[in-house]
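Below is one structure, written out as structure tokens, with a few remarks after it.
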Amino acid sequence: MPEACRIGLLGHGTVGGAFARLLHERADAVALTTGRRPELAGVLRRGSGDFDAILADSEIVVELIGGLDPARDYVSRALSAGRHVVTANKQLLAEHGQELAAVAREHRVQLRFEAAVGGVVPVIRVLQESLAAAHVERLHGIVNGTTNFILTRMAERGASYGDALAEAQALGYAEADPTDDVTGKDAAAKMAILARLAFDTPVRLDEVRYEGIEHLTADDMQYARELGLGLKLIGTAERVDGGLSVRVHPAFLYGAHPLASIHGPFNAVTIESEAITEVTLSGPGAGGPQTASAVLGDVVTAMRAAPGGAPTGPPPRPLPIVADVESAFYLHVDVADRPGVLAQLAQILGLQGISVKSFVQRGMGADARLTMVLHPVLESKVGVAVDLIAGLDVVRARPRAIRVIDEEF
Ligand SMILES: NC(=O)c1ccc[n+]([C@@H]2O[C@H](COP(=O)([O-])OP(=O)(O)OC[C@H]3O[C@@H](n4cnc5c(N)ncnc54)[C@H](OP(=O)(O)O)[C@@H]3O)[C@@H](O)[C@H]2O)c1
């Protein structure tokens, strides 16, 4: 009989319950590859279990409670007690990842969190291990399956945002309160985690600028379809002028971009660097069994780690965070079809130093819509131009400005 490896499980909900089942099913297979058989030392729930007793009896602690409190305290105490910790808690890592990584380093134990970003997609492991020496230039990610499902439905079926959201909720891809997903906040937390790993830079959540998908319309989708583009919620982390920019926003992607073909609730991350050119990883973004599988993968890795082994990562060499970056934009303006409208728009754009790459007018009279693609320009300048254009009395609704990724557009 192989020696046992005792696992303390904190949380037994969607992921925790699936993890407990998977651990039971796969224990023999794990024993074959690691030489030790994992078994549950105890389970903590709101009304049952005792953290101190579970900690005392386990070698590895798996945190699947979620949120900041009490997860932060439990994870910190487990690391300080010399236990490897595996968690799927993106909120905890986005807010306190740096501090917890330091505790793990100090106590020479592993803090593993593959399931916190990208579901089953092994992006954390690839950044920490396979590409540890790659000097990453840029990451683009579809890291929220809910919004990707909604945008896919809008693109494929011409559904409105509201109808696509309702379908996502009915199918269990969106929560009853979808705010964190649709506003981009969830994706921002995940990008903060990825950016910290890829660029050795602590990124606070409030340093990630994010926009959601709530304002996107069937018109935007129609425009994307006509030009063979994808419209996705994209997280970006990239080196800019010696600093680091991390942001989340809807963006048009040219059809051949690796992320343009990621549909439904899937996640994907594209990693770019001079050494590797480009690597794209994709797979299911969430779900109890899928997330539990990523958690068990981390547990197996932790089981293989020698006790008191190598620290989990280098101390950070932080880059300064850059708030304002250049981007190409698509701009959509609903206007009254009156003489002089174009001149007014041109004057506002010109004053911000914005130049127009292409321009189309659709509809006539009260239905006139202008769509244009802007050459790359600082985002702040587009923001000012949108505010000024929105204030014109010939403009019928606030203009929509959507980023465009790639020059091929
Ligand atoms: N669901 C997904 O598809 C998914 C995907 C990726 C990552 N994650 C992450 O995985 C983690 C768990 O998510 P989940 O969906 O499994 O959550 P969940 O279904 O709400 O389960 C949470 C579990 O934690 C327990 N718990 C809550 N507060 C506690 C407290 N104060 N003390 C002790 N136990 C407490 C709950 O106890 P009771 O059983 O007594 O209620 C429950 O068993 C989160 O960090 C989430 O972000 C989830």
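Being a predicted model, the structure only gives us computed values, none of them experimental.
- A 4.5 Å side-chain heavy-atom check between Cys5 and Arg37 finds every atom pair outside the cut-off.
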Tell me, with the steps shown, if Phe51 and Ile54 meet side-chain contact (heavy atoms from CB on, under 4.5 Å). CA-CA 5 Å; Phe51 174 73; Ile54 291 172; 5.6 Å; no
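- In the displayed structure, Asp241 atom CG is contacted under 6.0 Å by at most 12 heavy atoms of other residues, nucleotides or ligands.
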*Stepwise side-chain contact (heavy atoms from CB on, under 4.5 Å) check, Arg72 with Glu95*: CA-CA 10 Å; Arg72 177 187 180 187; Glu95 299 268 354; over 6 Å; no
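- Residues Leu9 and Leu40 approach most closely at CB-CD2, 3.9 Å, considering heavy atoms.
- Enclosure of atom CZ in Arg26 is not indicated, since only 12 or fewer non-hydrogen atoms of other residues, nucleotides or ligands lie within 6.0 angstrom.
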Might you work through the side chain to side chain donor-acceptor pair (under 3.5 Å) test for Thr371 and Arg369, ending with a clear yes or no?
CA-CA 6 Å; Thr371 52; Arg369 283 168 294 153; over 6 Å; no
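- Within a 6.0 Å sphere centred on NE2 of His215, heavy atoms belonging to other residues, nucleotides or ligands number more than 12.
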request  = Kindly indicate, with the supporting measurements, whether the criterion side-chain contact (heavy atoms from CB on, under 4.5 Å) is fulfilled by Arg403 and Phe252.
outcome  = CA-CA 6 Å; Arg403 275 93 169 165; Phe252 285 115; over 6 Å; no
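- Aromatic ring orientation, Tyr173 versus Phe149: tilted (interplanar angle from 30° to 60°).
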>> Please evaluate residues Lys90 and Asp186 with respect to the criterion side-chain contact (heavy atoms from CB on, under 4.5 Å), reporting the C-alpha separation (whole Å), side-chain torsions for both, the decisive distance (0.1 Å), and the verdict.
In response: CA-CA 8 Å; Lys90 65 211 156 217; Asp186 172 86; 2.9 Å; yes
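- Dense packing is recorded around CD of Glu129, with more than 12 heavy atoms of other residues, nucleotides or ligands lying under 6.0 Å away.
- Remark: Ile271 CD1 to Ser130 OG distance equals 8.5 Å, nearest 0.5 Å.
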For the pair Glu207 and Arg247, evaluate salt bridge (Lys or Arg N to Asp or Glu O under 4.0 Å) and give the outcome as yes or no after the intermediate values. CA-CA 8 Å; Glu207 292 173 317; Arg247 53 198 195 271; over 6 Å; no
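- Side-chain contact between Ile389 and Leu331 is present, with heavy atoms from C-beta onward closer than 4.5 Å.
- When each of Glu39, Arg83, Arg36 is tested with Arg6 by the rule side-chain contact (heavy atoms from CB on, under 4.5 Å), just one qualifies, namely Glu39.
- Each of Val103, Leu111, Val109 was evaluated against Val85; a single residue qualifies, Leu111, per the side-chain contact (heavy atoms from CB on, under 4.5 Å) test.
- More than 12 heavy atoms of other residues, nucleotides or ligands sit less than 6.0 Å from atom CD of Glu326.
- In this structure the side chain of Glu167 reaches within 4.5 angstrom of the side chain of Arg157, judged on heavy atoms.
- Considering every non-hydrogen atom in both Ile193 and Phe113, the closest pair reads CG2-CE1, 3.7 Å.
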